[in-house]
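Quick notes on the structure that follows.
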Amino acid sequence: MDKRTKFTLSEEEIPRYWYNIQADLPEPLPPVLHPGTGNPITPDDLAPLFPMELIKQEVSTERWIEIPEEVRDIYKLWRPTTLYRAHRLEKFLDTPAKIFYKYEGSSPPGSHKPNTAVAQAYYNKMEGIKRIATETGAGQWGSALSFGGACFDLEIKVYMVRISYDQKPYRRVMMETWGAKCVPSPSNETKAGRDMLAKDPDCPGSLGLAISEAVEDAVSRDDTHYALGSVLNHVMLHQTVNGLEAKKLMEKLDVYPDIIIGCIGGGSNFAGLFFPFVKDKIDGTKPDLRIINVEPASCPTLTKGPYAYDFGDAAGLTPLIKMYTLGHGFIPPPVHAGGLRYHGMAPLICHLYRLGFVEARAEHQLATFQAGITFARTEGIISAPEANHAIKAVIDEALKCKESGESKTILLAHSGHGHVDMAAYDAYLSGKLHDYEYPREMVEEALAQLPKV
Amino acid sequence: MEKYDHLEIRCPRLGGEVTFFYCRRERNNLPCPHIIDCWEMYFPVEKYLSSKLSREEWDRCFNQAPKNKVMTLIELIEAAKNQKQVPD
Ligand SMILES: Cc1ncc(COP(=O)(O)O)c(C=O)c1O
């Protein structure tokens, strides 16, 4: 095995095509029905928001879709991104596992999001659109689209949820530096915003309201469209540029991952990395490949439980391992049982989950920050809190390898750096996130189910 | 101010810090659908909310199937088109 830390491709090797998983699904995605008519939606239904090329990509079943030269040219500002071998993390964990991570934090906005922001800006420009409206929470997507708009001289209008607008000045300043116009939502600029302000002038806003404002803005002007940074099929498609690079790099190293791990919000960064690999699982060439989606949750595990012996998995089949745990009998309350329950999840990922090609796991934020700090102190990168969820799962899998003595190859989708998230690290480091106590009775209930050793 | 309102957490949807006060009023003064998932480890949030919400409010928050994103967008397009025809 190569002792090197960084593996890169040349600019010439940036993929020329995105990979469309819809060509290889064993069962097609169920059609989306129009809420008014009950019939499958048509391209015209979406035309007020998106350019026709993107609507075509949304439903296309062509396997390879060409990346326009203009988009590849801009990708060259940061692509191909580097594949790292996490030698220092491996050593720290004392694991025989080989850990690789594909790092998307080197893009100008610091995450995977410009892979689609640049593409979406391009197709809008080609269709003669002058403005794009969008919504953003704390500003990750808003800043990526602002960068995309700057690349193609488009005006970007961002409706930023007011609570974040007031608390997070830096991402707003990033957006403005790239030339975007960012207003707090609810704003006075749309009817949805004005109605809300009339009811509650101090309304802190919500993502739902910001989406309504951005869509209203796009529908009410002929020169304006709307853009979404995750969930939709065309967004997943654009992100596959990353997975294709990773696959090429690993082929050069003559390694293939046993486990691929990534965090999921709407699902785009991880889909982008694993789609080109899950193809091999679907066609039967890599039946044992495991793909683990990690989502945020608060089912307490390592950090809050008492120190005890427990079974390592829910079925109680693996050997007893020593860990902090709430017991293998801990069952989350029924409202939120089951994986991939997040409302805004990409239909393509939900579909693959239902078909059994990918797994899901939930991690609590305290444990994810702990993992992020371990990663920063070994690999150096201060990761976005989202990426910390995946890092936590990677560490767990690497420790399982230590127990079993297996030398598995783990590939982590690292979606971005956390330089604009220092407030979250501050909350963790200053102990603020530790202040609350898990209800005693639930700990005791879980403890009662631990095996006696 | 209610008992838990000052507690702070990182919201996985917004990507930033919010208080429990925000979460319990996120949707037009009703709780965010993820509130139980996010807060259950800190205090018995399910019990707390069930004592505060009516049966109908509870169902509206937690017992509705999530909508597909494209469907949500189409509903918003229709709403915006209607507004365009009737300016305020
Ligand atoms: C760095 C980073 N990673 C991951 C995500 C989650 O989104 P997705 O699942 O679409 O990749 C976000 C969303 O804001 C993000 O900023």
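A, B, ... follow the sequence lines: proteins, then strands. Residue 1 opens every chain. Since the model is a prediction, treat every value here as computed from it, not as a measurement.
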| chain B: which of A/Gly205, A/Ala218, A/Gly139 shares the most heavy-atom pairs with it under 4.5 Å? | A/Gly205
What is the distance from atom [atom1] of [X] to atom [atom2] of [Y], rounded to the nearest 0.5 Å?
| X | Y | atom1 | atom2 | result |
| --- | --- | --- | --- | --- |
| A/Asp45 | B/Ile77 | CG | CD1 | 7.5 Å |
| A/Leu207 | B/Cys11 | CG | SG | 7.0 Å |
| B/Leu76 | A/Leu49 | CG | CG | 8.5 Å |
| A/Phe369 | B/Arg10 | CZ | CZ | 6.0 Å |

| message | Taking atom OH as the centre, does A/Tyr170 end up with more than 12 heavy-atom neighbours from other residues, nucleotides or ligands that are less than 6.0 angstrom away? | response | no
| message | With a sphere of 6.0 Å drawn around CG of A/Asp222, does it hold more than 12 non-hydrogen atoms of other residues, nucleotides or ligands? | response | no
| request: Go through the steps for B/Glu75 and A/His34 under the test side-chain contact (heavy atoms from CB on, under 4.5 Å), then give the verdict. | output: CA-CA 9 Å; B/Glu75 281 178 5; A/His34 191 291; over 6 Å; no
| message | A/Tyr165: which residues meet the side chain to side chain donor-acceptor pair (under 3.5 Å) condition with it, sequence neighbours left out? | response | none
Which region of [X], side chain (C-beta onward) or backbone (N, CA, C, O), has a non-hydrogen atom less than 4.5 Å from a non-hydrogen atom of chain B, or is it both or neither?
| X | result |
| --- | --- |
| A/Ser212 | both |
| A/Asp217 | neither |
| A/Glu216 | both |
| A/His389 | neither |
| A/Leu228 | side chain |

I need the minimum non-hydrogen distance between [X] and [Y], along with the two atoms involved.
| X | Y | result |
| --- | --- | --- |
| A/Leu46 | B/Ile74 | CD2-CG1, 4.1 Å |
| A/Val231 | B/Lys69 | CG1-CB, 3.7 Å |
| A/Pro296 | B/Pro12 | CG-CB, 3.5 Å |

| request: Pick whichever of B/Leu73, B/Asn28, B/Val70, B/Asn68 has the most heavy-atom pairs under 4.5 Å with chain A. | output: B/Leu73
| Portion of B/Arg25 that has a non-hydrogen atom of chain A nearer than 4.5 angstrom | side chain
| query | Counting N and O atoms only, with roles assigned by atom type, does the side chain of B/Tyr22 sit under 3.5 Å from a partner on the main chain of A/Ile163, one being a donor and the other an acceptor? | reply | no
| query | Which is it for B/Glu17 and A/Lys168 under the side-chain contact (heavy atoms from CB on, under 4.5 Å) test, yes or no, and what are the steps along the way? | reply | CA-CA 10 Å; B/Glu17 291 70 48; A/Lys168 301 244 164 193; 3.6 Å; yes
| query | So do the side chains of B/Lys81 and A/Pro48 get within less than 4.5 Å of each other, counting heavy atoms only? | reply | yes
